[in-house]
2 protein chains.
Amino acid sequence: MKIGEIAKRTGLKIETVRFYEAEGLVPAPIRSGGNYRLYDRSHLDRLSFIKRSRDLGFTLDQVRALLRLSDDPRGSCAEADQIAAVHIAEIDRKLADLTALRSEIAQWGDTCNASIVAECKVIDALSH
Amino acid sequence: MKIGEIAKRTGLKIETVRFYEAEGLVPAPIRSGGNYRLYDRSHLDRLSFIKRSRDLGFTLDQVRALLRLSDDPRGSCAEADQIAAVHIAEIDRKLADLTALRSEIAQWGDTCNASIVAECKVIDALSH
DNA sequence: ATGAAACCTCATCCTACTAGAGGGTCAAGA
DNA sequence: TCTTGACCCTCTAGTAGGATGAGGTTTCAT
């Protein structure tokens, strides 16, 4: 598999695949005679794991830790639990923040209906 | 007012105040004999406006536009309305994303209860 | 006079990519 | 055989919104 195909299959961009390699998240694949990267199934699995983790909002550092854990199937699950718990707490905090934000802005009303800035509710709300 | 005091009053960090000046969001204040920045009320108002806008999640580019608008009280309010509307849409999108995320992760259950990675629900969920 | 706290500039780092320059490889069609 | 176009390569620099640190000055209280 060349990089274009693995990118398509994982849903990553080509540049991102190379970036993950440079970051050490995936092992460097072998190269073809023309210096093209050639991927196999294990790369596909690993890149899919990363993509899915990123989609769920884990940071690359968290992904790194999760990959390290998944590389050792007989290791303890506790750390994975911990990472997930921290992440859920983070999501809940962001949700609370955004909800508060949303309701604060909602108070501005649907539209301002003023014609000039001097009477604009949006600008006014930001000024005090 | 020196930078430390204006930082305290606005809730910004000192470095952030200087950063906003470098970005052209606030005019450069006059300097004391010892080259210290000396702020007045107008800086305080402007930096507070920025802080409040940032707290509400506007990007610096949006803040720039809002400041430009508020500098012209006789100008049209329509653009401010537009910026706010775009921002609200963005917040709603993020809320939807985070909510979806949260419910997906919630399916993993409270804790994994497995002891080894091979049986860990977290790792398993990320693998497929 | 001295020591601490506050200030200064300038440079570098952070996340997680993204974009672009400038060039090489490869298969198919004319 | 030549060429065209799609694909690939490396390397550098840029993005938002600051944070951090080095190395040096100023101010103020004792």
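All values derive from a computational prediction rather than experimental measurement.
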Run the side-chain hydrogen bond (donor to acceptor under 3.5 Å, both in side chains) test against A/Glu15 and tell me which residues pass, sequence neighbours left out. none
Determine all donor-acceptor pairs shorter than 3.5 Å in which one atom belongs to a side chain in residues 4-12 of chain B; sequence neighbours excluded.
residue	atom	partner	partner atom	Å
B/Glu5	OE2	B/Arg9	NE	3.3
B/Glu5	OE2	B/Arg9	NH2	3.0
B/Thr10	OG1	B/Ile6	O	2.8
B/Thr10	OG1	B/Ala7	O	3.3
B/Thr10	OG1	B/Leu12	N	3.2

What residues from residues 51-62 of chain A pass a heavy-atom cutoff of under 4.0 Å to DNA chain C? A/Arg54, A/Thr59, A/Leu60
Would you call A/Arg64 and A/Asp61 a salt bridge, using N to O less than 4.0 angstrom? yes
Those residues that, when tested against B/Ser32, pass side-chain hydrogen bond (donor to acceptor under 3.5 Å, both in side chains) (two or more places apart): none
Please find the earliest and latest nucleotides of DNA chain D, in the 5' to 3' direction, that have an atom within less than 4.0 Å of any heavy atom of chain B. D/dG17 to D/dT27
What integer distance in Å separates A/Tyr20:OH from C/dT15:C1'? 11 Å
Just to verify, what does A/Tyr36 make a ring pair (Phe, Tyr, Trp, His ring centres under 6.0 Å) with, not counting sequence neighbours? none
Taking NZ, NE, NH1 and NH2 as the nitrogens, is one of them in A/Arg41 or A/Asp45 under 4.0 Å from a carboxylate oxygen of the other? yes
With a 4.0 Å cut-off, would you call A/Glu104 and B/Arg52 a salt bridge? yes
With sequence neighbours excluded, tell me which residues meet side-chain hydrogen bond (donor to acceptor under 3.5 Å, both in side chains) with A/Arg18. none
Which residues pass the side-chain hydrogen bond (donor to acceptor under 3.5 Å, both in side chains) test with A/His87, sequence neighbours left out? none
Do B/Asp40 and B/Ser42 have side-chain N/O donor and acceptor atoms under 3.5 Å apart? yes
Rounded to 10°, the angle between the first-five-pair and last-five-pair axes of the helix from C/dA1-D/dT30 to C/dA30-D/dT1 is 20°
Starting at the 5' end of DNA chain C, which residue's closest nucleotide do you reach first, A/Gly33 or A/Lys13? A/Lys13
For B/Asp92, what residues pass the salt bridge (Lys or Arg N to Asp or Glu O under 4.0 Å) criterion, not counting sequence neighbours? A/Arg102
Evaluate the side-chain proximity of B/Ile116 to A/Cys77: yes if any heavy-atom separation is below 4.5 Å, no if none is. no
Who passes salt bridge (Lys or Arg N to Asp or Glu O under 4.0 Å) against B/Asp97, sequence neighbours left out? B/Arg93
Taking protein heavy atoms under 4.0 Å as touching, what does nucleotides 4-12 of chain C look like 5' to 3' if B marks base contact, S marks sugar-phosphate-only contact and - marks none? --BSSB---
